[in-house]
Amino acid sequence: MMNEQDILRTELRWGAVVAAAVGLIVAVIVVSSASMLLHPPSNAEIIDPATLHIGGEFVEANLGAVENPDGSVTARLIATQFAFVPRCLPVPANTPVTLRITSSDVVHGFIIAGTNANTMVVPGYVSQVKTTFRTPGDYLMPCHEYCGLGHSEMWSIVRVLPKESWKADAEGRVACEIPG
Ligand code: CUA
């Protein structure tokens with residue numbers, strides 16, 4: 001038979017186990033958000049999806065990556081059934097890159113493997129993610145939000161180039177072609 005003291009002790013022991021588990025979970029969240037920049041996207045910026053092609057930040061000529069005066073890079077893309085525009089996005093390595101993406105039709109999403117870039121793209125809003133690519137190479141950027149029959153064919157390539165080979169032409173664009 002357990003007496004009242006034993007029961008109290010058992011309860012306190014299990015209480016401590018639960019408190020330790022909660023503490024560990026909170027610590028993982030704090031450490032990953034502080035050191036790995038993992039956090040829910042918090043950009044709330046509205047845009048009219050019906051006029052993207054007519055004017056403003058997301059007109060076709062303004063898509064792709066451009067260098068800012070401070071040396072960082074801003075990349076603008078449109079998510080649409082069933083492609084990201086542009087399909088190949090050249091960016092320099094070891095440089096802060098701000099990805100700005102909006103949808104012209106339905107809800108899409110994107111993830112770039114090995115980075116913190118992972119968010120939904122909701123029509124009417126601009127999704128913004130800041131990241132830095134450490135290693136040059138081609139990174140697959142698939143749509144990860146079911147958006148219709150062509151969902152599985154919806155992807156772009158992020159081509160991370162050594163900083164010295166990321167050079168814009170006269171139009172301010174960097175060439176990027178997908179093999180095949
Ligand atoms: Cu776009 Cu799935």
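Predicted, not measured: the structure shown is a model, and the values here were computed from it. Scope of the values below: all heavy atoms of this structure, side chains included, with no hydrogens, waters or symmetry mates. Start at 1 and go down the list; that is how both ligands and their atoms are numbered.
Taking all atoms of both residues into account, the shortest heavy-atom contact from S156 to F84 is OG-CB, 3.1 Å.
The hydrophobic cluster containing V106, built from Ile/Leu/Val/Met/Phe/Trp/Tyr side-chain heavy atoms closer than 4.5 Å, comprises no other residue.
Both the sub-6.0 Å distance and the 45° axial angle are satisfied by R87 relative to the ring of W155.
Around atom 1 (Cu) of ligand 1, the protein N, O or S atoms found under 2.8 Å comprise H108 ND1, C143 SG, C147 SG, M154 SD.
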Does the side chain to side chain donor-acceptor pair (under 3.5 Å) test come out yes or no for T80 and S104, once each step is laid out?
-> CA-CA 6 Å; T80 182; S104 64; 3.1 Å; yes
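Within 6.0 Å of the CZ atom in F58, the count of heavy atoms belonging to other residues, nucleotides or ligands exceeds 12.
In this structure a side-chain-to-backbone donor-acceptor pair under 3.5 Å is present from S127 to M120.
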